[in-house]
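The shown structure was predicted, so the numbers you read here are calculated from the model rather than taken from an experiment. Below, all heavy atoms of this structure are taken into account, side chains as well, without hydrogens, waters or symmetry copies. Chain letters run A, B, ... following the sequence lines, proteins first, then strands; residues in each count from 1.
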Amino acid sequence: MRRQLEPVLVGRTLRRVEILDGRLTRPHDPRSVAAELAGERVASVERRGKYLVLRFASGRALLVHLRMTGGFRRGEASHLRATLRLDDGTDVRFRDVRRFATWRLFEPDEVDPYLAGQNGPEPLGTGFTARWLAARLAGRRAPVKALLLDQRVAAGVGNIYADEALWYAGVHPARAAGAVGPGELADVVRGVRRALRLGIERQGATLRDYAAPNGERGSMQDEFRVYGRAGEPCLRCGVPIAKTRVAGRGTCYCPGCQR
DNA sequence: CTTTTTCCCTGGACGC
DNA sequence: TGCGTCCAGGGAAAAA
């Protein structure tokens with residue numbers, strides 16, 4: 001989404017911002033956020049963990065969190081929650097079926113400290129290593145999957161990618177985090193990277209109606225090894241994929257080859 | 001302190 | 001067909 005938004009938004013000035021869903025800017029007043037955004041010129045479109053970061057020439061930044069069903073679209077959209085009207089006449093629409101998404105406007109000196117506090121290392125960057133995981137997981141009795149879902153441990157990893165990553169690594173999602181050995185942690189690092197790289201390559205998974213800003217659907221769902229495959233044979237060992245609940249989330253894994 | 005549970009929200013799937 | 005219930009999941013908040 002960031003990659004498609006970048007050429008559309010960078011260099012453009014927000015002429016008018018319309019926020020239709022008052023929950024979007026919680027806890028702030030949607031009218032004042034819309035008024036503050038109008039006139040801002042987009043300097044860059046970045047991503048940090050699960051946050052989309054629209055940085056403005058003023059130094060301010062809008063942090064957009066899509067949660068489950070949020071997304072930008074060019075062209076018409078159902079479940080419309082906000083519209084950005086640009087100085088070149090185009091409209092960029094924001095839709096969100098379940099209304100979990102958030103928009104929050106930050107002052108110049110506040111945005112980076114906030115992002116740093118919310119997010120650990122980027123899994124596709126250099127800071128996400130077996131050594132880092134070992135430090136963060138040491139002594140923890142919570143399931144390893146729960147730690148992978150902690151954004152301060154691995155920025156951007158969500159439920160589906162955690163399951164996929166642990167399948168690649170051959171590690172059982174309910175294992176006590178502190179009991180996962182150093183060799184396995186290296187496998188987990190590789191698994192997380194592999195799952196996320198594949199997801200980006202395939203432009204995400206379209207489970208219901210997710211689409212990129214240009215309307216194209218993702219194809220990551222065709223690459224799932226465990227997610228949504230409960231009862232089907234494991235692609236590595238043939239044992240039926242199991243589904244359970246770990247860290248409060250639906251969790252798919254292979255009882256045969258994830259230990 | 002760590003870990004687990006609840007809640008927010010909508011709509012699709014499913015049972016009766 | 002219509003209604004009730006469950007499930008999906010990110011993360012804040014509350015509970016344990």
Mapping A:Ile160 and A:Gln118 to their closest nucleotides on DNA chain C, which lands nearer the 5' end?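 Between the two, 5'-proximity favours A:Ile160.
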Whole-Å distance separating the [atom1] atom of [X] from the [atom2] atom of [N]:
X: A:Leu52; N: C:dG10; atom1: CG; atom2: P; value: 17 Å
X: A:Arg67; N: C:dA12; atom1: CZ; atom2: P; value: 6 Å
X: A:Phe100; N: C:dA8; atom1: CZ; atom2: P; value: 14 Å
X: A:Asp21; N: B:dC8; atom1: CG; atom2: C1'; value: 12 Å
X: A:Asn159; N: C:dC7; atom1: CG; atom2: P; value: 15 Å
X: A:Arg141; N: B:dC1; atom1: CZ; atom2: C1'; value: 12 Å
X: A:His65; N: B:dC9; atom1: NE2; atom2: P; value: 17 Å
X: A:Leu63; N: C:dG11; atom1: CG; atom2: P; value: 13 Å

For [N], does either OP1 or OP2 sit under 4.0 Å from a side-chain N or O belonging to [X]?
X: A:Arg245; N: C:dA8; result: yes
X: A:Gln151; N: C:dG10; result: no
X: A:Arg23; N: B:dC9; result: yes
X: A:His79; N: B:dG11; result: yes

Are any of the side-chain heavy atoms of A:Arg67 and A:Arg99 separated by less than 4.5 Å? no
So what does [X] touch, heavy atoms closer than 4.0 Å: a base, only the sugar-phosphate, or nothing?
X: A:Pro27; value: nothing
X: A:Arg81; value: nothing
X: A:Tyr227; value: sugar-phosphate
X: A:Arg99; value: sugar-phosphate

What distance do A:Glu46 atom CD and A:Leu63 atom CG have between them, rounded to the nearest 0.5 Å?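 Between A:Glu46 CD and A:Leu63 CG, I get 10.5 Å after rounding to 0.5 Å.
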Return the orientation label for the A:Tyr114 and A:Phe106 ring planes: parallel under 30°, perpendicular over 60°, tilted otherwise. tilted
May I ask you to check whether A:Gln221 and A:Thr206 show a side-chain donor-acceptor distance below 3.5 Å? no
Return the 5'-most residue of the pair A:Ala142, A:Val97 with respect to DNA chain B, ranking by each residue's nearest nucleotide.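 Comparing both residues, the 5'-ward one is A:Ala142.
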Check every atom of C:dG10, C:dC7, B:dG11 against the side chain of A:Lys243 and return the nucleotide holding the closest atom.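 Out of C:dG10, C:dC7, B:dG11, the nucleotide with an atom closest to A:Lys243's side chain is C:dC7.
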Side-chain donor or acceptor of A:Arg48 paired with backbone N/O of A:Gln118 under 3.5 Å: no
